[in-house]
There are 2 protein chains.
Amino acid sequence: MATSRPTVKNDRSLYYDGVPRVPESHLAARRDQIIDAATARFAANGFQATGMADVIAASGLSAGAVYRYFRSKDELIAAIVERVVGEAAARFEVLLQQDPVPDPAGAVATAVGMVADVAGRGPVDLTRVAVQAWGEALRNPEVHTVVDRTYRAIRGFFVEVVRRGQEAGTIPADADPQHLAATMLSAVLGFLLQRLLLGDLDPAAYTAALRVPWVAPSSAATPGSAG
Amino acid sequence: MATSRPTVKNDRSLYYDGVPRVPESHLAARRDQIIDAATARFAANGFQATGMADVIAASGLSAGAVYRYFRSKDELIAAIVERVVGEAAARFEVLLQQDPVPDPAGAVATAVGMVADVAGRGPVDLTRVAVQAWGEALRNPEVHTVVDRTYRAIRGFFVEVVRRGQEAGTIPADADPQHLAATMLSAVLGFLLQRLLLGDLDPAAYTAALRVPWVAPSSAATPGSAG
DNA sequence: ACCGGGTAAGCGAACGGTCCTTCGTTTTGG
DNA sequence: CCAAAACGAAGGACCGTTCGCTTACCCGGT
């Protein structure tokens, strides 16, 4: 019982210390092939309502091949969620690399433009996957961890935009950056969701509406002066 | 072949025109009992990942009893989505019945308060069901119809708030009510989503942030005067 | 330049389990 | 007494996953 026989199933080097049989790029390409096909099916039908048979058929591979690259359906789902929300975060990060960093309304406008762009590009609308990921995050702890970490990072970008604005004096210094960033993120997520559920929202008109002063101008919030 | 024999399965009056065997209120109560139990399970685990066996056990009834009240799982899902988003719409409608109708930031603040309230009240967080309903709407046409109609109505309430503000002169007359209402709805939906995914957001601080002027005060949008 | 050895990549039928739903039966209550 | 209400075992389809097998490829030796 339980000798020191190594469990070699995953560790190729214990078996054979030569170079891989096929180039690493080929393996990555196959993995992407599976992820792309699965993303399309999950975008159309949701994670749980889509069967692996559907994913496998769409990938053009066999069940055995798919399960060589992903140990389970849950692992595949986690990989897809990580890719989709991770790419979103990467796109939003460029907001901070602009010089000068835009003001909050400008940052949201740029982010909304990115959402509209990614929704229309390619055969699969990744914003649909994002909505499915929200639902999945509420029931799958691993997915929730990924979504929590990534969306918190995105909100952190907006916090930084607010801080820069406060340094520049265009935003009241006593405003709460964390919650102001939350309202900015809401504007982006709300655009994404309304576009999917209620039909096309015009990004230009939507972002223009963000700049409309909607508090009564008489009483509240003297912005720059009168600190 | 196809005689005129009536298909009596659902029409009780063709069978028996007397009084019902049990009071109508009892039937409605049983229906609610099923919906309540199913709502709890769907809130915890999503629509598609939750089995009918789970719903049936939670309801305290048998499979046959549940299927007497709902023809299928999809019909049960549709009934739950209709109830949850319908109740949300009913709550938001009172915004218009206040006198005077609040300004946009005030309307959003009230709506956010309602979301936070309904999320904390009762054993089931209905905002979780709302997120699941968004995902379901993307794959189930009947659910999509319900969600589209109801959320469009909610947005219509915000449009009305904007119109009243424009009449009162507190909102620029050339602002687009439709898209301004969309940003208001985004603020509410974004609060709901961030509260669930990223942890507790403080409703008071969030709504306070909504009133922070976030456009550069120097160049853009001279609000009331000097139009 | 060619070839055979051996391993990883890929295949797909089959498996146990779970799914939604049905229906013959039992219980209930007016 | 009898129809409606409720029951719950069973049906048949489909689920995610496995595993014995075939195919294809790289490598070392000739």
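Labels below follow one simple rule: chain letters A, B, ... track the order of the sequence lines, proteins then strands, and each chain is numbered from 1.
Regarding A:Met52, its CE atom lies at a distance of 16 Å from the P atom of C:dG12, rounded to whole Å. Rounded to an integer number of Å, the gap from A:His26 NE2 to D:dT23 P is 18 Å. Taking atom CG of residue A:Asp54 and atom C1' of nucleotide D:dC14, one finds them 13 Å apart after rounding to whole Å. In this structure, CD1 of A:Ile34 is placed 12 Å from P of C:dA9, rounded to the nearest angstrom. One interatomic measurement links the two molecules: CZ of A:Arg31 to P of C:dG10, which rounds to 14 Å at whole-angstrom precision. Atom pair B:Gln48:CD and C:dT18:C1' shows a separation of 15 Å (rounding to whole Å applied). Between B:Leu61 atom CG and C:dT28 atom P there is a gap of 14 Å when expressed in whole angstrom units. In this structure, A:Gln33 atom CD and C:dA9 atom P are separated by 14 Å, rounded to whole Å.
The side chain of B:Tyr67 sits closest to C:dT22 out of D:dT17, C:dG10, C:dT22. Nearest nucleotide to the side chain of A:Ser62, out of C:dG12, D:dC7, D:dA5: C:dG12. When distances are taken from the side chain of B:Ala65 to each of C:dT21, D:dC7, C:dG10, the shortest belongs to D:dC7. Relative to the side chain of A:Arg68, the nucleotides C:dT21, D:dT17, C:dG10 differ in distance, and C:dG10 lies closest. The side chain of B:Ala63 lies closest to C:dT21 when the candidates are C:dT21, D:dC7, C:dG10.
Note on B:Arg71: every side-chain N or O is 4.0 Å or more away from OP1 and OP2 of C:dC20.
Under the 4.0 Å criterion applied to side-chain N and carboxylate O atoms, B:Glu160 and B:Arg164 are assigned as salt-bridge partners.
Below 30°, between 30° and 60°, or above 60°: for B:Trp134 and A:Trp134 the angle between ring planes is above 60°, a perpendicular geometry. Using cut-offs of 30° and 60° on the angle between ring planes, the pair A:Phe191 and A:Tyr206 is tilted.
Using a 3.5 Å distance cut-off with no hydrogens or angles, the side chains of B:Glu136 and B:Gln48 do pair a donor with an acceptor. Defined by atom type and a distance below 3.5 Å, a donor-acceptor pair is present between the side-chain atoms of B:Arg155 and A:Gln194.
Among the atoms of the strands shown, only primed sugar atoms or phosphate atoms (P, OP1, OP2) are found under 4.0 Å from some heavy atom of B:Thr50. Using a 4.0 Å heavy-atom cutoff across all strands shown, A:Tyr69 reaches sugar-phosphate atoms only and no base atom.
Residue whose closest nucleotide on DNA chain C sits further toward the 5' end, between B:Lys73 and B:Gly64: B:Lys73.
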